[in-house]
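Everything below concerns the one structure shown next.
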Amino acid sequence: MKVLVTGGAGFIGSHLCDLLLARGHEVLCVDNLATGSKNNIIHIENDNFSYVRHNVTKPLYLEEKIDWIFHLASPASPIDYLELPIPTLKVGALGTYNMLGLAKEKNARFLLTSTSEVYGDPLVSPQSEEYWGNVNPIGPRGVYDEAKRFAEAITMAYHRYHGVETRIVRIFNTYGPRMRLKDGRVVPNFIGQALNGEDLTVYGDGSQTRSFCYVSDEIEGIYRLMLSDYSDPINIGNPEERTILEFANFVLKLTGTSSKIIFKELPEDDPKQRRPDITKARKILNWEPKVSLEEGLGKTIQYFKGILKNVIQ
Ligand code: UDP
């Protein structure tokens, strides 16, 4: 297949490019490097790979045929979308509109990467795809949550009205190598702090929960969804839920650091609980996560050790 990956130089996008190339596809990676980095794709030496720097909030005209579009482009860390509120809204809305237009023109299958943030600060747990969510549209996270909700709505509209073949994945917290050390998310923050001998900053009392999925599991689920014929949204994430305080203690243990835990103010609208119901993914895609938190964090810690060594040199 000839595959377009928007956000292909990002954390998840670059791993997806690797997977697609390994499975024999031809990949066109599009990224404007707002939060992605060429370092994430620099290792790729494959004639089936090409890269174009482009911001998908502007239309993209291509001569060649395209069979599949994976639309991942978006800032995805809370810090990033707080700093880039308008680009976040634009890429979720205009970027998705443009990529759906391209899919329609090329008769391509289109996959939107949506997010567990569409559930907002959920009042039910675990979150199944049927839950409509509890989002504050005008809060600081609204720029991301509402952009992705719009993206889902326009994707379904193109599916229903134009007959475009569409897929929607709701990605839950994902971690692994190639996350940015300073992207503000809890995994790079805690590991970076632990490796630097700094105290781990737990926001609030640390009783809020998250469920962490290793990136290789996440992209396998996304790939299987593209292959399926299922057009309603589907959760892909790891249902193993922990409090952030438990998670901080786990990072302390795995890194063997002498760092301590300190408590900082909880950001506004920080979801209190998050855990995917993956019944559908299990049934429809025959998918479930395989990598344990211990194994995945071990690999991620090794990666950040390498980054920090290069920073110091
Ligand atoms: N968090 C924390 N300390 C940090 C960074 C994040 O306690 O240094 C918390 C944050 O408040 C949230 C959870 O960890 O409850 C996950 O945050 P992240 O930014 O990784 O992603 P989110 O799931 O909120 O989108």
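The model shown is predicted, which means the values in this text are computed figures rather than measured ones. Both counts, for ligands and for their atoms, begin at 1 and track the order of listing.
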> Among all protein non-hydrogen atoms, which one is nearest to atom 16 (C) of ligand 1, and what is the separation to 0.1 Å?
Replying inline: Arg210 NE, 3.6 Å

> Starting from atom 1 (N) of ligand 1, which protein heavy atom do you reach first, and at what distance in Å?
Replying inline: Tyr203 CD1, 3.3 Å

Compute whether any side-chain donor of one residue and acceptor of the other, for [X] and [Y], lie under 3.5 angstrom apart.
X: Ser114; Y: Glu152; result: yes
X: Asn136; Y: Asp269; result: yes
X: Thr201; Y: Gln193; result: yes
X: Arg178; Y: Ser14; result: yes

What are the atoms of ligand 1, with element, lying closer than 4.0 Å to any heavy atom of [X]?
X: Ile244; result: 7 (O), 13 (C), 14 (O)
X: Asn189; result: 4 (C), 5 (C), 8 (O)
X: Gly184; result: 5 (C)
X: Val202; result: 7 (O)
X: Arg274; result: 22 (P), 23 (O), 25 (O)
X: Asn173; result: 21 (O), 22 (P), 23 (O)

> Side-chain contact, heavy-atom cut-off 4.5 Å: Leu285 with Lys280?
Replying inline: no

Answer with side chain, backbone, both or neither: which part of [X] has a heavy atom less than 4.0 angstrom from an atom of ligand 1?
X: Glu117; answer: side chain
X: Val186; answer: both
X: Asp270; answer: side chain
X: Ile79; answer: neither
X: Gln208; answer: side chain
X: Arg141; answer: side chain

> With a distance cut-off below 6.0 Å to the six-membered ring centre and an angular limit of 45° from the axis, does Arg210 pair with Phe247 as a cation-pi contact?
Replying inline: no

> Of the options Arg274, Gln273, Arg170, which is the one that meets Tyr119 in a side-chain hydrogen bond (donor to acceptor under 3.5 Å, both in side chains)?
Replying inline: Arg170

> Non-hydrogen atoms of Phe190 versus ligand 1: any pair closer than 4.0 Å?
Replying inline: yes

>> So, 4.0 Å and heavy atoms of Gln193: is ligand 1 close enough to count as a contact?
In response: no

>> With nothing but distance in play, are any N or O atoms of Thr201 less than 3.5 Å from an N or O of ligand 1?
In response: yes

> Purely on distance, is any nitrogen or oxygen of Tyr81 under 3.5 Å from one on ligand 1?
Replying inline: no

Taking everything shown except [X] itself, do over 12 heavy atoms lie less than 6.0 Å from its [atom1]?
X: Glu64; atom1: CD; value: yes
X: Phe304; atom1: CZ; value: yes
X: Arg282; atom1: CZ; value: yes

> Quick one: are the ring centres of Phe11 and Tyr175 less than 6.0 Å apart?
Replying inline: no

